[in-house]
Amino acid sequence: MRQKLVVGNWKMHGSRASVADLLDKIVAAMPAAAPGVAVCPSYVHLSQAIQLCAGSAVAVGGQDCSHMQSGAYTGEVSAQMLADLGCRWVIIGHSERRQYHSESDSLVAAKLGAAMAAGLQVIVCVGETREQRESGEAEAVVASQLRGALDGQANLAGLVVAYEPVWAIGTGLTASPDQAQAMHAFIRGCLAGVAGIDADATRVLYGGSVKAGNAAELFARQDIDGALVGGAALDAGDFLAIVGAAQA
Ligand code: 13P
């Protein structure tokens, strides 16, 4: 039985005041028997978030990390720095990193290795564009992103995969539960062929316009083990409703 996991990816949103307000509400209302819950604010708000979540069931993670351990890499933040600060999680290979920062599969793989070596729990994101889905390439794209990130890794313990179809991110277009379930089952099949992974025990999250109103039907599907939530994670009531749906 895989424990459900709900992760809020706050992207480049927030201020010290809004972070305090959001986390005060989320922490205060977190159900006692909550599923796994984490929030991923921007780097500059991590320290504040870690303090506000201390002693609660809400873990904190980064939205990215460097592939390098340390050195003259201006603007970069290492996985070790995140772990040292008290982060438990890190998101790697988000489509917005791939799109706006030209992150290749090999860079994603290097980041994943660095994050694992630092002892972080890694969420690696995969997903096809609308054009790729319409031309029937969705599975091939996802399989290739998985191979690119996972092949040859020394350690994949506790890895979480997030399936985030690019066409569903921030668009209000959610993959239907059938579409998501089919791709999640496909991903689990791909994971079964990767050394060092127990595919049955690996959580596969869905991301892309997850809302309070559609979370329950997604979570009811066999291979959907939770969500990576963008916009709806910025509203305490919406995020808590999604957490509640994962608990049900
Ligand atoms: P939205 O929930 O805003 O579509 O974002 C999804 C996402 O990219 C989470 O990482």
Side-chain angles (χ1 to χ4, degrees), residues 1-10 22-23 25-41 49 53 56-63 87-94 120-127 142 146 156-165 168-169 174-192 197-248:
M1 180 71 179
R2 297 178 292 269
Q3 189 203 28
K4 290 262 195 297
L5 175 65
V6 177
V7 180
N9 173 9
W10 293 0
L22 188 50
L23 284 178
K25 288 178 180 155
I26 289 172
V27 167
M30 192 53 54
V37 179
V39 293
C40 299
C53 294
S56 81
V58 183
V60 177
Q63 298 174 13
C87 287
R88 190 120 65 79
W89 291 93
V90 68
I91 299 168
I92 299 289
H94 192 281
L120 293 170
Q121 289 191 263
V122 179
I123 301 166
V124 64
C125 301
V126 295
V142 166
L146 283 172
L156 290 168
L159 182 81
V160 172
V161 176
Y163 169 56
E164 297 208 315
I169 296 176
T174 319
S176 70
D178 283 350
Q179 281 174 319
Q181 165 57 30
M183 186 60 90
H184 282 226
F186 175 76
I187 288 171
R188 203 174 300 288
C190 293
L191 294 177
I197 289 195
D198 177 349
D200 279 340
T202 299
R203 288 177 288 189
V204 184
L205 310 184
Y206 170 77
S209 299
V210 176
K211 309 275 178 234
N214 60 21
E217 57 175 357
L218 287 162
F219 296 162
R221 296 308 178 100
Q222 190 183 343
D223 290 291
I224 302 181
D225 304 313
L228 184 52
V229 186
L234 298 170
D235 180 281
D238 288 346
F239 187 67
L240 286 162
I242 295 167
V243 169
Q247 193 189 12

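Side-chain atoms are counted along with the backbone in the values below, which use heavy atoms only and exclude waters and symmetry mates.
Applying the side-chain contact (heavy atoms from CB on, under 4.5 Å) rule to Val58 yields the partners Ile26, Val27, Met30, Val37, Val39, Cys53, Ser56; only residues at least two apart in sequence or on another chain are considered. Arg188 is linked by a side-chain contact (heavy atoms from CB on, under 4.5 Å) to Arg2, Ala199, Asp200, Val204, Asp223, Asp225, counting only residues two or more places apart in sequence or in another chain.
Side-chain atoms of Val161 and Arg203, non-hydrogen and from C-beta on, never get closer than 4.5 Å to each other. Phe239 is not listed as a side-chain neighbour of Leu234, based on a closest heavy-atom distance of 4.5 Å or more. In this structure, the side chains of Ile92 and Cys125 stay at 4.5 Å or more apart for every pair of heavy atoms. With a 4.5 Å cut-off on side-chain heavy atoms, Leu228 and Glu164 count as touching. Between Gln181 and Gln222, some side-chain heavy-atom pair lies under the 4.5 Å cut-off.
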What pairs of donor and acceptor atoms, side-chain ones from residues 205-218 against any protein atom, are under 3.5 angstrom apart with sequence neighbours left out?
residue: Tyr206; atom: OH; partner: Ala175; partner atom: N; Å: 2.9
residue: Tyr206; atom: OH; partner: Gly208; partner atom: O; Å: 3.0
residue: Ser209; atom: OG; partner: Ala168; partner atom: O; Å: 2.7
residue: Ser209; atom: OG; partner: Gly172; partner atom: N; Å: 2.9
residue: Asn214; atom: OD1; partner: Lys211; partner atom: N; Å: 2.7
residue: Asn214; atom: ND2; partner: Thr174; partner atom: OG1; Å: 3.1
residue: Asn214; atom: ND2; partner: Ser209; partner atom: O; Å: 3.0

Under 3.5 Å, side-chain donor or acceptor atoms of residues 3-10 against the rest of the protein: list the pairs with distances, not counting sequence neighbours.
residue: Lys4; atom: NZ; partner: Phe219; partner atom: O; Å: 3.4
residue: Asn9; atom: OD1; partner: Lys11; partner atom: N; Å: 3.0

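A distance-only check finds a donor-acceptor pair linking the side chain of Gln63 to the backbone of Cys40 [under 3.5 Å]. In this structure, Gln179 contributes its side chain and Ser176 its backbone to a donor-acceptor pair below 3.5 Å.
Looking at every heavy atom in both residues, Cys190 comes nearest to Leu146 through CB-CD1, 3.8 Å.
Counted within 6.0 Å of CZ on Arg221, heavy atoms from surrounding residues, nucleotides or ligands total more than 12; the atom is thus considered enclosed.
The distance from the CD1 atom of Ile91 to the CD1 atom of Ile123 is 5.5 Å, given to the nearest 0.5 Å.
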How far apart are the C-alpha atoms of Ile187 and Tyr163, what are their side-chain angles, what is the distance that settles it, and do they pass the side chain to side chain contact (heavy atoms under 4.5 Å, CB included) test?
CA-CA 8 Å; Ile187 288 171; Tyr163 169 56; 3.7 Å; yes

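Residue pairs meeting the side-chain hydrogen bond (donor to acceptor under 3.5 Å, both in side chains) criterion with at least one partner in residues 229-248, sequence neighbours excluded, are absent.
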